[in-house]
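Read through the structure below, which is laid out as structure tokens, and then see the notes.
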Amino acid sequence: MEPRLSLITLGVEDLDRAIAFYRDTVGWQPASVVDGDVAFFDLGGVILALWRHRDLAADSGVASDALGSYHGFALAHNVRSRAEVDALFAHLAERGGSIAKWPVETDWGGYSGYFVDPDGHHWEIAHNPFWTIRDDGRIDLQGDRGSSG
């Protein structure tokens, strides 16, 4: 796995309120808002995503009865292909990594899964076919090819 962080996803209670805060108070313009479900801000190649708490928890493989162990955010490492996602999960599993959710096709058109570090932080490894990943590994939302997730 390349040493880089692609995406930070914050779980939010009210998406519209969170978008307004980051746009109007912090001064960041959303790069995209997809179907009123998730917002993306380009922070110079690292992406900040805002997503509803329960949706992020469910996507991370956290059962609704275990929300107490849910931290309200997820870190992500985006890669260039589904095969790379699978290879990284095989690597993690071979070394005893804790897999919270094996990679699956997503409802937004990508492919992702989650692993958990020893302190319970969820990391997503994802392939988003709509995003361009630069040669240096950073995401380029200006060069994206459509929708996102």
Side-chain angles (χ1 to χ4, degrees), residues 1-15 18-19 22 28-149:
M1 196 161 137
E2 296 173 42
R4 63 180 161 80
L5 178 68
S6 305
L7 180 84
I8 299 168
T9 302
L10 300 178
V12 300
E13 287 297 323
D14 182 326
L15 183 61
I19 292 170
Y22 283 97
W28 296 343
Q29 291 301 313
S32 67
V33 178
V34 181
D35 299 329
D37 289 328
V38 62
F40 298 99
F41 295 80
D42 187 339
L43 307 181
V46 173
I47 307 305
L48 171 67
L50 305 175
W51 201 12
R52 289 178 185 83
H53 275 295
R54 290 206 176 273
D55 294 335
L56 178 57
D59 192 60
S60 298
V62 176
S64 60
D65 61 350
L67 285 178
S69 67
Y70 164 68
H71 295 288
F73 69 94
L75 305 166
H77 180 82
N78 284 67
V79 296
R80 293 172 182 86
S81 70
R82 291 174 44 117
E84 195 173 350
V85 172
D86 288 335
L88 289 172
F89 272 91
H91 175 87
L92 290 164
E94 287 170 7
R95 285 155 182 77
S98 175
I99 308 300
K101 179 181 171 187
W102 286 94
V104 297
E105 295 287 336
T106 67
D107 59 359
W108 48 265
Y111 185 69
S112 78
Y114 287 83
F115 70 93
V116 182
D117 77 7
D119 292 301
H121 300 106
H122 284 72
W123 276 84
E124 178 185 26
I125 299 175
H127 171 245
N128 184 334
F130 306 108
W131 282 359
T132 300
I133 299 180
R134 301 174 188 166
D135 290 341
D136 65 5
R138 295 186 307 153
I139 294 171
D140 181 2
L141 283 183
Q142 301 306 316
D144 72 2
R145 299 179 298 254
S147 182
S148 51

Legend entry - L15 side, atom CG; L10 side, atom CG - distance, nearest 0.5 Å: 11.5 Å
Legend entry - Spacing of D107 atom CG and D59 atom CG [to the nearest 0.5 Å]: 8.0 Å
Inset, instruction - State which residues pass side chain to side chain contact (heavy atoms under 4.5 Å, CB included) with I99; sequence neighbours excluded, sorted by chain then number. - result: F89, L92, W102, F115
Legend entry - Atom pair CG (L48) and CZ (F73), whose distance is rounded to the nearest 0.5 Å: 12.5 Å
Inset, instruction - Not counting sequence neighbours, which residues clear side-chain hydrogen bond (donor to acceptor under 3.5 Å, both in side chains) with D136? List them please. - result: R138
Inset, instruction - Provide the closest heavy-atom pair for V79 versus H127 in the form atom of the first, atom of the second, distance. - result: O-CD2, 3.5 Å
Inset, instruction - Check the angle between the aromatic planes of Y22 and W28 and answer parallel, tilted or perpendicular using the 30° and 60° thresholds. - result: parallel
Inset, instruction - May I have the step-by-step check of side-chain contact (heavy atoms from CB on, under 4.5 Å) for V34 and W108, ending in yes or no? - result: CA-CA 9 Å; V34 181; W108 48 265; over 6 Å; no
Inset, instruction - Could you tell me whether the side chain of D55 and the main chain of A58 form a donor-acceptor pair under 3.5 Å? - result: no
Inset, instruction - Grab the two heavy atoms, one from L88 and one from H77, that are nearest each other, plus how far apart they are. - result: CD1-CD2, 4.1 Å
Inset, instruction - Answer yes or no: is there a side-chain heavy-atom contact under 4.5 Å between I47 and D42? - result: yes
Legend entry - Those residues that, when tested against S98, pass side chain to side chain contact (heavy atoms under 4.5 Å, CB included) (two or more places apart): V116
Inset, instruction - Write down the atom of R52, the atom of G36, and the distance for their closest heavy-atom approach. - result: NH2-O, 3.2 Å
Legend entry - Pairwise salt bridge (charged side-chain N to carboxylate O under 4.0 Å, His left out) hits with a residue in residues 83-95, at least two apart: none
Legend entry - Within residues 2-15 or reaching into it, pairs that qualify as salt bridge (charged side-chain N to carboxylate O under 4.0 Å, His left out) - sequence neighbours excluded: E2-R4, E2-R80
Legend entry - Smallest separation among heavy atoms of G109 and F130, with atom names: CA-CE1, 4.2 Å
Inset, instruction - Taking the six-membered ring for Trp and the single ring otherwise, decide whether the centroids of W51 and F40 are under 6.0 Å apart. - result: no
Legend entry - Least distance between heavy atoms, A126 atom then V85 atom: C-CG2, 3.8 Å
Legend entry - Closest non-hydrogen atom pair between A49 and L7, with its separation: CB-CD1, 4.0 Å
Legend entry - Approximate separation, where rounding is to 0.5 Å, of S6 OG and I133 CD1: 6.0 Å
Legend entry - Qualifying residues under side-chain hydrogen bond (donor to acceptor under 3.5 Å, both in side chains), relative to S112, sequence neighbours excluded: E124
Legend entry - Pairwise distance OG1(T9) to CG(L50) - rounded to 0.5 angstrom: 8.5 Å
Legend entry - Student check: side-chain heavy atoms of L5 and L75 closer than 4.5 Å: yes
